[in-house]
Amino acid sequence: MSVASDVGEILAANNWRAFPHTLAAHCSEGRWVPYDWLKWLSLKLAEGIMHGGGRYLISAPVRHGKSELVSVWLPTWILELQPS
């Protein structure tokens, strides 16, 4: 195997850590489903955290996954990135 294919395998194996919605889908073993709007929200939240100073007001109907994404999976993702 080449170095490039080894790196590709490592990235693919850890791709689930890339964003809050990918971590949630992986860690919940598919029980938490990242619908399109949750993927979009996850990307926006990750962008706000990475660039700093992000503030969001999230308004969506009841039982659409917003609270679990923001209060469970987002903090888990942040701790996965920066355990200290």
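Since we're looking at a predicted model, the values are computed, not measured.
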Would you indicate whether the side-chain heavy atoms of [Y] and [X] approach each other to under 4.5 Å?
{"X": "Gln82", "Y": "Trp77", "result": "no"}
{"X": "Cys27", "Y": "Trp32", "result": "no"}
{"X": "Asn15", "Y": "Thr22", "result": "no"}
{"X": "His21", "Y": "Leu74", "result": "no"}

Answer yes if [X] and [Y] sit in the same cluster of Ile, Leu, Val, Met, Phe, Trp and Tyr residues linked by side chain heavy atoms under 4.5 Å apart, and no otherwise.
{"X": "Leu23", "Y": "Leu81", "answer": "yes"}
{"X": "Trp40", "Y": "Val70", "answer": "yes"}
{"X": "Leu43", "Y": "Trp16", "answer": "no"}

For the backbone of [Y] and the side chain of [X], can you confirm whether one donor and one acceptor N or O come within less than 3.5 Å of each other?
{"X": "Tyr56", "Y": "Lys44", "value": "yes"}
{"X": "Ser42", "Y": "Leu38", "value": "no"}
{"X": "His64", "Y": "Val62", "value": "yes"}

Would you compute the distance between atom [atom1] of [X] and atom [atom2] of [Y] and round it to the nearest 0.5 angstrom?
{"X": "Trp73", "Y": "Glu68", "atom1": "CH2", "atom2": "CD", "value": "6.5 Å"}
{"X": "Leu69", "Y": "Leu41", "atom1": "CG", "atom2": "CG", "value": "5.0 Å"}
{"X": "Met50", "Y": "Leu45", "atom1": "CE", "atom2": "CG", "value": "12.0 Å"}

